[in-house]
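One is the number of the first residue; the rest follow in order along the sequence. All ligand and atom numbering here is 1-based and tracks the order in the structure.
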Amino acid sequence: MIETFELTKKYDEKAVVNNLNMKVESGEIFGFLGPNGAGKTTTMKMLLGLVHPTSGTGKVAGFDIIKQVLDVRRSCGVLPDPAGFYDNLTARQNLKFYGSLYDLDDDDLKKRVDATLDLVGLKDAKDKKIGKFSKGMKQRFGVAQAIVHDPQVLMFDEPTAGIDPQGAEDFRVLMRQMKERGKTVFLTSHVMPEVEAICDHIGIIVNGEMKICGNVDELVDQYSRRQGYQLKLRVKDIDEDVVRNSLKSIVGVISIARNDGFFLVNAKEDVSEDVSRSIIREKGVITELESYRPSLNEIFLNVTRPTGGC
Ligand SMILES: Nc1ncnc2c1ncn2[C@@H]1O[C@H](COP(=O)(O)OP(=O)(O)O)[C@@H](O)[C@H]1O
Ligand SMILES: [Mg+2]
């Protein structure tokens, strides 16, 4: 549903988005992550035809982002700036105005406005003035405005920034509903638990380059392959030197450390089966053996570290 081919944007010869190749499947929620200044907003603006790429191109909903900008825009819903709503008009009046910008006849428009406000949870606030809305309600209204013309793709830039935890949770529920309705959601964020909770796929961009991309399990796997797999092992009825020697002889083991009664094994691949076999062969008893799984936050911090990370 969204695809880029070597998409590049340079400002003053500096590439802020650099040969980006990315694919977002239809009906998924894709989380586009990266530190401030990584190039997320610039990428999104290029996808919407608001910034002209220096080179490369892309497609949104089957339309070329350079040659078919109007079709792309009609296929997309974006969150507007809440400051742009008319405070003196009600939610219904506001949404009717935005909806009238699309080719809908009056009856259709009326139905869509009502249905959309119901969908985003503003059923009881339809005739309330937007100026009286809380931040969370304004955000819901923003989603209503984004979807009133029933677009296939939703592109939200930092949608939960500045929203309280309840508002952010409501937003996540709404995004899942959008997905159930077959929409494709592309959002930028740097709130890791949120991304982990709702995104099917995640891409992390640093200095305009995609560093790592996949579902959470794939990210963990890619990261572990580069950083090494970690194992935590506790044994009894076996001599420490014997343990060390047998672990050392396992192919793929990089280092062995001792911490708080545990052996910490760093390896190029998942060696847990070889580890348990070798301890049992030496007549030792394993009381604990667990692979260490890095969190998305840990992966993000490492990948985005200014020193280069992995
Ligand atoms: N119009 C512009 N002119 C010059 N530099 C820009 C412009 N827009 C963005 N940049 C630079 O491009 C980089 C990426 O910005 P942006 O896409 O907004 O990052 P993000 O959304 O990931 O925080 C930043 O270094 C920013 O200063
Ligand atoms: Mg941004």
Side-chain angles (χ1 to χ4, degrees), residues 2-24 28-60 65-66 69 72-73 76-84 135 138-139 142-143 145-146 153-164 167-168 171-172 175 184-196 198-199 201-214 219 223 296-310:
I2 301 172
E3 209 171 353
T4 66
F5 312 96
E6 306 285 319
L7 190 64
T8 300
K9 180 67 191 178
K10 288 184 182 171
Y11 286 115
D12 302 328
E13 294 303 306
K14 187 181 174 287
V16 299
V17 175
N18 199 0
N19 292 318
L20 188 73
N21 292 301
M22 171 175 71
K23 207 169 180 177
V24 178
E28 73 167 333
I29 303 182
F30 186 93
F32 196 40
L33 310 189
N36 285 332
K40 303 179 296 294
T41 300
T42 305
T43 302
M44 203 176 263
K45 283 186 173 170
M46 285 195 281
L47 291 173
L48 289 165
L50 298 168
V51 162
H52 194 78
T54 308
S55 60
T57 186
K59 278 186 166 188
V60 174
I65 60 167
I66 297 169
V69 175
V72 167
R73 293 219 190 122
C76 292
V78 295
L79 273 187
D81 181 355
K135 221 169 175 175
K138 278 192 180 170
Q139 212 245 14
V143 175
Q145 201 253 258
V153 182
L154 303 177
M155 288 204 206
F156 295 158
D157 199 3
E158 311 263 355
T160 54
I163 301 280
D164 67 21
F171 178 80
R172 289 193 278 274
M175 288 308 100
T184 305
V185 182
F186 181 81
L187 56 90
T188 73
S189 177
H190 37 229
V191 186
M192 293 307 128
E194 164 172 299
V195 169
E196 207 158 359
I198 62 170
C199 294
H201 284 103
I202 293 160
I204 300 180
I205 179 176
V206 184
N207 293 328
E209 291 179 19
M210 191 72 97
K211 289 286 180 188
I212 192 167
C213 190
L219 295 193
Y223 174 82
L296 181 60
N297 198 37
E298 213 174 319
I299 296 174
F300 179 82
L301 290 175
N302 193 290
V303 170
T304 60
R305 243 197 336 240
T307 49
C310 70

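- The atoms of ligand 1 that sit less than 4.0 Å from any heavy atom of N36 are 23 (O).
- Without hydrogens or angle criteria, R172 side chain to E194 main chain gives no donor-acceptor distance under 3.5 Å.
- Atoms of ligand 1 found under 4.0 Å from any heavy atom of P35, numbered from 1 in the order shown, are 22 (O).
- Remark: side-chain polar atoms of T188 are paired, donor with acceptor, to backbone N or O of E158 under 3.5 angstrom.
- Atom NZ of K59 has 12 or fewer neighbouring heavy atoms from other residues, nucleotides or ligands inside a 6.0 Å radius.
- Remark: minimum distance from atom 18 (O) of ligand 1 to any protein heavy atom is reached at T41 CB, 3.7 Å.
- Residue, atom and distance of the protein heavy atom nearest to atom 14 (C) of ligand 1 are G37 O, 3.3 Å.
- A donor-acceptor pair is defined here as one N or O able to donate and one able to accept, closer than 3.5 Å; no such pair exists between the side chain of K135 and the backbone of D164.
- Note on ligand 1: G39 sits in its first shell, one or more heavy atoms being nearer than 4.0 Å.
- Looking only at heavy atoms of the protein, atom 11 (C) of ligand 1 is closest to V16 CG1, 4.0 Å.
- Smallest separation of non-hydrogen atoms from L79 and G142: CD2-C, 3.5 Å.
- For atom 4 (C) of ligand 1, the nearest protein heavy atom lies closer than 4.0 Å.
- The nearest N, O or S atom of T41 is closer to the Mg ion (ligand 2) than 2.8 Å.
- Checked against a 3.5 angstrom limit, the closest N/O atoms of T42 and ligand 1 fall inside it.
- Taking the six-membered ring for Trp and thresholds of 30 and 60 degrees, F30 and F186 have nearly parallel ring planes, at less than 30 degrees apart.
- In this structure, atom 27 (O) of ligand 1 has its sub-4.0 angstrom surroundings free of protein heavy atoms.
- Nearest protein heavy-atom contact of atom 7 (C) of ligand 1 is Y11 CE1, 3.2 Å.
- Under the 4.0 angstrom criterion for non-hydrogen atoms, G208 is not in contact with ligand 1.
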